Amino acid sequence: MSILSRSVFKEITVGALLGGVLFTFVLFLRSASQLFAILVRSSAPPRTVGYLFSLTFPDALIFTVPLAVLVGVLLGLSRMSGDGEITAMRAAGVPGRRVTAPVLTFAAMATLVAAACSLWLTPWAIRERYRVLNEVAAAQVTANIEARVFDEQFPKRILYVGDVIPGPVTRWRNMLLADVTPPEERPKRSRELADGPRITVASEAVATPDVAHNRIQLTLLNGSNYEIEKDDKYTISSFPRGDQVIEAQKPNEIRASRPSSELDTIPLYRMVYNDRTVDKARRLEGMIELHQRLALPLACLLLPLVGIPLGVSSRKGGKSGAFVVTVGLAFLYYMGLISLIGLSLPAG
């Protein structure tokens with residue numbers, strides 16, 4: 001690579017990094033707002049929160065890498081044109097097309113990065129994000145208990161807690177648990193039980209979510225059990241410490257709005273073109289997703305080809321002008337993308 005090509009490549013790289021960080025940050029805020037709405041209702045550890053936020057970057061990079069290449073080309077070539085370097089180069093007998101080779105080299109490298117994000121990294125990140133979000137939701141079953149409210153969300157159980165003390169380990173004060181399981185479904189006892197519920201009270205309970213089995217493990221302190229027998233007598237048994245399990249209802253699973261976005265590219269291709277059992281609507285959704293994955297990385301080559309003549313011919317405006325042109329071209333490109341996607345969808 002000649003000195004001129006290295007100089008142009010360096011100019012483009014610096015501008016592309018600057019623009020890439022800016023555009024990625026803007027798109028990251030849009031994606032992060034949805035995560036904030038979910039995480040604000042949970043007590044996920046900082047490590048999990050950071051991991052979830054990092055999983056939003058591959059999806060953003062699909063759109064920001066082409067913009068970064070465009071703004072890098074415009075910033076670099078506009079600066080060279082404004083300082084008279086392009087004019088000096090032409091006066092020395094070097095044709096203006098010599099700047100095309102380093103620009104296309106950089107664009108090809110960016111295309112590989114965008115293709116890796118589009119074809120492989122983003123589907124994996126979407127699956128991983130929803131897997132972690134579902135785990136966070138399942139682990140929060142103890143945090144959803146409200147104090148001084150009879151909670152009937154548990155199968156065949158009614159729970160009342162006088163006070164909830166949140167923390168790394170959730171503690172319940174003055175707990176009452178009514179087991180309304182029919183007598184014939186309860187374990188056999190020496191004496192027959194009436195139809196009334198089995199009541200368990202405890203001064204304190206340590207609630208630990210068992211995510212794998214979708215239940216809550218309770219460690220009861222200073223508790224008592226009350227049962228009604230057939231002859232209307234109460235059987236009371238006290239204990240200083242005991243264990244009990246509450247089966248929880250499975251939380252609603254968080255899924256992607258477009259299921260095809262979670263599929264890897266090769267299974268997506270097979271689903272669209274080889275699987276004849278897929279209904280028409282899902283096949284169309286898969287085709288749009290597949291073609292979008294293939295088209296977006298190519299923007300890294302298309303947009304710089306538009307940016308080269310604009311950057312070389314620009315003598316005024318500087319960095320602000322380059323950003324304005326980038327935003328305008330990006331708006332036109334992605335509006336065209338959205339419009340064509342809309343046209344491909346069936347009416348109604």
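For clarity, every value in this text was computed on a predicted model and none was experimentally measured. The first residue in the sequence is number 1, and the count goes up from there. Every heavy atom of this structure was used, including side-chain atoms; hydrogens, water molecules and symmetry mates were not.
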- Note on the structure: Taken in chain and number order and not counting sequence neighbours, the residues that satisfy ring pair (Phe, Tyr, Trp, His ring centres under 6.0 Å) with Tyr226 are none

Closest heavy-atom pair and its distance - [X], [Y]:
| X | Y | answer |
| --- | --- | --- |
| Tyr333 | Ala299 | OH-CB, 3.4 Å |
| Gly20 | Thr24 | O-OG1, 2.6 Å |
| Val103 | Pro304 | CG1-CB, 4.0 Å |
| Val73 | Ile308 | CG1-N, 4.0 Å |
| Ala16 | Val71 | CA-CG1, 4.5 Å |
| Ala205 | Leu220 | CB-CD2, 3.6 Å |

- Task: Anything under 30° is parallel, anything over 60° is perpendicular, the rest tilted; go ahead and classify Phe150 against Tyr160.
- Result: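 The arrangement is tilted - the two ring planes meet at 30° to 60°.
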
Can you hop from [X] to [Y] via hydrophobic side chains spaced under 4.5 Å?
| X | Y | answer |
| --- | --- | --- |
| Leu290 | Leu340 | no |
| Leu104 | Leu298 | no |
| Met271 | Met287 | yes |
| Leu263 | Ile126 | no |
| Leu301 | Phe63 | no |

Would you please name every residue forming a salt bridge (charged side-chain N to carboxylate O under 4.0 Å, His left out) with [X], sequence neighbours left out?
| X | result |
| --- | --- |
| Arg270 | none |
| Asp264 | Arg127 |
| Lys10 | none |
| Arg282 | none |

- Sequence neighbours excluded - ring pair (Phe, Tyr, Trp, His ring centres under 6.0 Å) pairs with any residue from residues 272-307: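 Checked against ring pair (Phe, Tyr, Trp, His ring centres under 6.0 Å) - neighbours excluded - the pairs reaching residues 272-307 are Tyr269-Tyr273.
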
Residue list, side chain to side chain donor-acceptor pair (under 3.5 Å) with [X], at least two apart or on another chain:
| X | answer |
| --- | --- |
| Asp59 | none |
| Tyr51 | Glu128 |
| Ser238 | Ser224 |
| Thr200 | Asn225 |

- Message: Quick one: does any side-chain atom of Arg283 pair with a main-chain N or O of Asp275 as donor and acceptor, under 3.5 Å?
- Response: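 Side chain of Arg283 to backbone of Asp275: a pair is present.
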
- Query: Does the Thr56 side chain pair with the main chain of Phe53, one donor and one acceptor, at a distance under 3.5 Å?
  - Reply: yes

- Check the pair Leu119 / Leu294 against side chain to side chain contact (heavy atoms under 4.5 Å, CB included), numbers first and verdict last. CA-CA 8 Å; Leu119 300 177; Leu294 297 174; 3.9 Å; yes

- Task: For Leu177 and Phe154, run side chain to side chain contact (heavy atoms under 4.5 Å, CB included): C-alpha distance rounded to whole Å, both residues' side-chain angles, the deciding distance at 0.1 Å, then the answer.
- Result: CA-CA 11 Å; Leu177 181 65; Phe154 304 102; 6.0 Å; no

- Test salt bridge (Lys or Arg N to Asp or Glu O under 4.0 Å) on Arg157 and Asp179 and set out the steps. CA-CA 5 Å; Arg157 299 289 193 279; Asp179 184 354; 3.1 Å; yes

Please report the interatomic distance [atom1]([X]) to [atom2]([Y]), rounded to the nearest 0.5 Å.
| X | Y | atom1 | atom2 | value |
| --- | --- | --- | --- | --- |
| Leu75 | Leu18 | CG | CG | 7.0 Å |
| Asp163 | Arg148 | CG | CZ | 6.0 Å |
| Thr64 | Leu61 | OG1 | CG | 4.5 Å |
| Ile158 | Glu152 | CD1 | CD | 4.5 Å |
| Gln244 | Met175 | CD | CE | 6.5 Å |
| Ile62 | Ser118 | CD1 | OG | 4.5 Å |

Can you confirm whether [X] sits close enough to [Y] that some side-chain heavy atom of one is under 4.5 Å from a side-chain heavy atom of the other?
| X | Y | result |
| --- | --- | --- |
| Val65 | Cys300 | yes |
| Leu55 | Trp124 | yes |
| Tyr334 | Pro66 | yes |
| Leu176 | Ile199 | yes |
| Leu284 | Ile288 | yes |
| Val272 | Leu268 | yes |
| Phe57 | Leu121 | no |
| Glu262 | Glu289 | no |

- Message: One pair to check against side chain to side chain contact (heavy atoms under 4.5 Å, CB included): Phe239 and Asn222. What are the steps and the verdict?
- Response: CA-CA 6 Å; Phe239 52 88; Asn222 301 322; over 6 Å; no

- Test item: side-chain donor near acceptor, Ser260 and Glu285, under 3.5 Å: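 There is such a pair between these side chains.
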
- With no hydrogens and no angle check, do the side chains of Arg173 and Ser203 hold a donor and an acceptor under 3.5 Å apart? no

Between side-chain atoms of residues 106-113 and protein atoms elsewhere (two or more places apart, or another chain), which donor-acceptor pairs fall under 3.5 Å?
from, atom 1, to, atom 2, distance (Å)
Thr111, OG1, Ala107, O, 2.7

- Item | Hydrophobic cluster of Met335, others only, ordered by chain and residue number, side-chain cut-off 4.5 Å |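 When side chains under 4.5 Å apart are linked, the cluster holding Met335 also contains Phe331, Leu332.
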
- Message: Would you say CD1 of Ile236 has more than 12 non-hydrogen atoms from neighbouring residues, nucleotides or ligands within 6.0 angstrom?
- Response: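 More than 12 heavy atoms, drawn from other residues, nucleotides or ligands, come within 6.0 Å of this atom.
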
- Query: Trp120 and Thr265: side chain to side chain contact (heavy atoms under 4.5 Å, CB included), yes or no, with the steps?
  - Reply: CA-CA 7 Å; Trp120 169 68; Thr265 302; over 6 Å; no

